[in-house]
Amino acid sequence: MGSSAFTFEDTKPVISDDELLADLRAVATNLGALTLPQQKYRALGRYSTTAIKRHFGTWNAAVAAAGLGEASRRDISSTDLFDNLRDVWMKLGRQPRKRDMVKPFSRHTHHPYSERHGGWVNAIRAFLVFVEQAEQPRSSVGKPPLARGSRDPSLRLRFLVMRRDSFKCRHCGKSPAMHLGLELHVDHVIAWSKGGVTAAANLQTLCSNCNLGKSDLDQHDAG
Ligand SMILES: [Zn+2]
């Protein structure tokens, strides 16, 4: 056919991610299976599992990318686990128990936490150490006060402020722990627009009702 002396001959034909994923799905469909173990694919698939792992990093990542089954627990990052734990804790307004780690509150069960940290309580301890270490204030001594932080506190800072306030609204005292579904906000005591900084000392926990009421008051004051 159109082969010339100048044709570049690649030693490895380039396979696209899509082709690999399509074949993973095809094999799983033929097996009538929702997940796809490597050994099964090795026997029935068109491509080598090595090539697939080269493309996706791990076998489980490839399986997940193909929309098959759930990624292995070992593939969940520690950051993801801690982010999820923080979110569940803030939604519940209290320290989550093992049985709280279910959908829709939690994206992960307690198992990957317990496995990685040697028990649920140890996982909670590790999380708290992580949160407190990571929120060390950046030293601003001797620097011009141009850095007020960002207007919106990080999720980590929100968590620390809520925890300091026992996950209760500082105005009405309500907590999601007692009023399921109550939404807590973290609010500037001295408004950002009036020069207030985004730091724990200038932040407070309010429920969404009180926070909205407060905004109204502010508007009346301003007007
Ligand atoms: Zn309130």
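Order of listing sets the numbers, starting from 1, for every ligand and every atom in it. These numbers were taken from a predicted model, which means no experiment stands behind them. Heavy-atom basis, side chains included; hydrogens, waters and symmetry copies ignored.
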Checklist line | Closest contact, heavy atoms only, Glu19 versus Val14 | finding: OE1-O, 4.2 Å
Checklist line | Sequence-distant partners of Asn122, side-chain contact (heavy atoms from CB on, under 4.5 Å), two or more places apart | finding: His117, Arg125
Next item on the list: Can you sort out the partners of Ala66 under side-chain contact (heavy atoms from CB on, under 4.5 Å), two or more places apart, ordered by chain and number?
Entry: Leu21, Leu24, Arg25, Leu68
Next item on the list: Could you pull out all residues at least two apart from Asp87 that satisfy salt bridge (charged side-chain N to carboxylate O under 4.0 Å, His left out)?
Entry: none
Next item on the list: Test Arg46 against Val27 for side-chain contact (heavy atoms from CB on, under 4.5 Å), laying out the working first.
Entry: CA-CA 9 Å; Arg46 285 179 60 191; Val27 171; over 6 Å; no
Margin query: Could you enumerate the protein N, O or S atoms under 2.8 Å from the Zn ion (ligand 1), written like residue then atom name?
Written below: Cys169 SG, Cys172 SG, Cys207 SG, Cys210 SG
Notebook entry, point to check: Of Asn211, Thr198, Leu203, which meets side-chain contact (heavy atoms from CB on, under 4.5 Å) against Val186?
Noted result: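 Checked Asn211, Thr198, Leu203 against Val186; only one passes side-chain contact (heavy atoms from CB on, under 4.5 Å): Leu203.
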